[in-house]
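Below are the structure tokens for one structure; questions will follow.
Remember, it's 1-based here, ligands and their atoms both numbered in the order they're listed.
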Amino acid sequence: MGNKLFNYRLLHQFWRVGKLYWLSQQRWKAVALLLLLLCLSLLGTGLLIAVSIFLGEMESSLAAADKNRFYQAVIIFFGVLFIGVPIISLKVYIQGKLNLFWRQWLTDYFLNKYFYQQNFYRLTAYSEIDNPDQRIAEDIQNFTQQCLYFALVISDSILQLIGFSGLLWRISQPLMMFLIIYAIAGTVVTTIAFGRILVGINLEQLKREADFRYGLIRIRDNAEAIAFYQGEVVESQELWQRFGRVFSNFTRLIRWQLGLDLFQNSYQYITFLLPTLVLAPQILSGELEIGVSAQAGVAFRSILIALGLIVSQFEQLSALAAAVTRLDELQTVMHGAQNPTRPIGHPPDALGRELDFPVSPQNIGGLRGVIPKGRDGEGCTVLNWVEDACLSFQNVTLQTPDYQTVLVQDLSFTLTVGESLLISGKSGVGKTSLLRALAGLWEAGSGTITHPERSHLLFLPQRPYMVLGSLRQQLLYPHSDRVVAKDELLQVLQQVNLTNLVERTAVLDIVEDWGRVLSVGEQQRLAFARLLLQSPQYAILDEATSALDENNQTLLYELLQKTDITYISVGHRSSLRSFHRWMLELQGGGSFMLSLIEDA
Ligand SMILES: Nc1ncnc2c1ncn2[C@@H]1O[C@H](COP(=O)(O)OP(=O)(O)OP(=O)(O)O)[C@@H](O)[C@H]1O
């Protein structure tokens, strides 16, 4: 963003993020609230002007020892307060409400995009999009809050400018001219001297804070492994390094803020003196009343605040600029190009709600088909996916996402219903990658993959995934709202040899951190129970029994063989061969051997 506070690109980014809500179906509600806010703001400004007039009036009446004039001013002053205080409070409340609605809408929008076509997975390939979690959780909040704040500050400023300019012009024209020059000079100095640097530092600070927090989350997620390795020294060093980066940038930030504060404070405190200084000759000569000085002071400072918004609000403006940039980056990357085989138009909302933004490739999309930056694009073709009843690979050449390694060259096979395939080969040869391609997660390569509807495929990944929730939710994931009788669930648990879990009373509804409580082997058996319960047409098992003893493995595969499920397994153990009909052996460098196991 070129480190400048105001440049065309930033304004463009601001428009792209801002228009999402203000052009959505909720825009009328938003506009109505905004208009209400502006009205309240107008009343508030009128109030401020009235207060300043009556303060001056009180001073003048005291100086003139006019008792009646004084009490009249006091009574009117209280009247103004009586009306004004509820208006100011209501304004704050409406501002909070509008902020909440906007944030809710924008969070919903970003979350939908984040989960659409597994963007949360694809984003991991984009190193420039650091910490999407922070962008969704915090940057949206900062963005909506700061935008509304500025909308009001600007409208207040314009109103104050109009109101107080009239007042000040009447009091002293030279003072008014002086004020305009003073405000312009302050704005120019702030933008040029501090603007370019502080926006960049603020942006960097957000990134480093999020990196530090992510480091801490990783420790929590991998606590056991780190404890076994006694890796606390290395881990704490890593965290200290991350914190060091936070610290050094923050040191730079406060150094620049010190400079800015010195300038801002001198700039602002002088204004307490300036109007009186300019008006002193006229007051001393008796041409103006003493109360005029107070009125001119309030008017002068109000106009200065209005004209010098950039000076006084500089820190908030740079924080807003950082939030805008980060949100726009995220949404731009998630827009992505589309996979031509997967029509856009029905983005899945996990909660089944109707999306209230128009659905088109321009405003909601997946990262599929986007060639990450850094590649020259030459020879960077992508796979083609076709949805059909069967599962087949036609002339598939698969590469790693960076297009550096060919994992499989020109692979063709069809897996007919009821059959099974075992994929084997040395570690790192590309077995899991083949499954990633089948799932549509990896796309670098060429050829066509025909696959049944995604809901008919169930993947059991190498590291079992345990959701946060009860055992019942665990078993039914990702269809946790399905209604299945308790007995059926218990029976399946028994089948996969998790009898110890069954014995614990009311176990199904206990919420635990199952990923921590269960052993990896138990988690693998639980994943198998999930598979048996869901009984999909196709199952893809990536070393799904690697942590189990041979007996348990045999038990599970025998259960699987009794079902109608067509399955593909990845595994190293030779004992797996007896449960499969076909074998695909990856031999490295793109070559492979496909054979019937009976023949092997
Ligand atoms: N995001 C990535 N970018 C580039 N290369 C990658 C990426 N992820 C994995 N690889 C590489 O792709 C190759 C194939 O990985 P894959 O996980 O498919 O191996 P595998 O055969 O399943 O191994 P294992 O049996 O050890 O699980 C490996 O050399 C791996 O380092």
Charged N-O contact under 4.0 Å between R454 and E387: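 So R454 does not pair with E387 through a salt bridge.
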Protein contact for atom 22 (O) of ligand 1 (heavy atom, distance under 4.0 Å):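 Answer yes: something from the protein, a heavy atom, is under 4.0 Å.
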N/O separation below 3.5 Å, D402 to ligand 1: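 Not met; the criterion fails.
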Sub-3.5 Å N/O-N/O distance, S427 and ligand 1: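 N/O-N/O distance below 3.5 Å exists for this pair.
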Contacting atoms of ligand 1, where contact means under 4.0 angstrom from a heavy atom of E543: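 Within the 4.0 Å cut-off of E543, ligand 1 contributes 25 (O), 27 (O).
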Lys/Arg-Asp/Glu bridge criterion (N-O < 4.0 Å) met for R326, D139: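 Judged by the 4.0 Å cut-off on N to carboxylate O distance, R326 and D139 do form a salt bridge.
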Ring centroid separation F143 to W102 under 6.0 Å: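 Centroid separation for F143 and W102: below 6.0 Å.
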Salt-bridge contact E558-K562 (side-chain N to carboxylate O under 4.0 Å):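 Salt bridge: no.
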R436: numbered ligand 1 atoms lying under 4.0 Å from its heavy atoms: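 In order of number, 17 (O), 18 (O).
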Residue pair L20 / W105: nearest heavy atoms and the distance that separates them: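 In terms of heavy atoms, the two residues are closest at O-CH2, 3.2 Å.
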Check: R122 and M334 side chains under 4.5 Å, non-hydrogen atoms: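 A side-chain contact under 4.5 Å is absent here.
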Protein non-hydrogen atom below 4.0 angstrom of atom 28 (C) of ligand 1 present: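 Yes.
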Any W442 heavy atom less than 4.0 Å to ligand 1: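 The answer is yes, since W442 has a heavy atom less than 4.0 Å from ligand 1.
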SB check E238 R218 (cutoff 4.0 Å):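 R218 and E238: not salt-bridged.
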Which of the ligand 1 atoms, numbered from 1, are nearer than 4.0 Å to a heavy atom of H572: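 In order of numbering, the contacting atoms are 25 (O).
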Geometric N/O contact S433 with ligand 1, under 3.5 angstrom: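 Yes, S433 has an N/O under 3.5 Å of an N/O on ligand 1.
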Heteroatom proximity flag, G428 to ligand 1, N/O under 3.5 Å: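 Such a contact does occur with ligand 1.
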L407-ligand 1 polar pair, N/O distance under 3.5 Å: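 N/O-N/O distance below 3.5 Å does not exist for this pair.
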Side chain proximity check, I540 to L458, heavy atoms < 4.5 angstrom: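 Side-chain contact under 4.5 Å: no.
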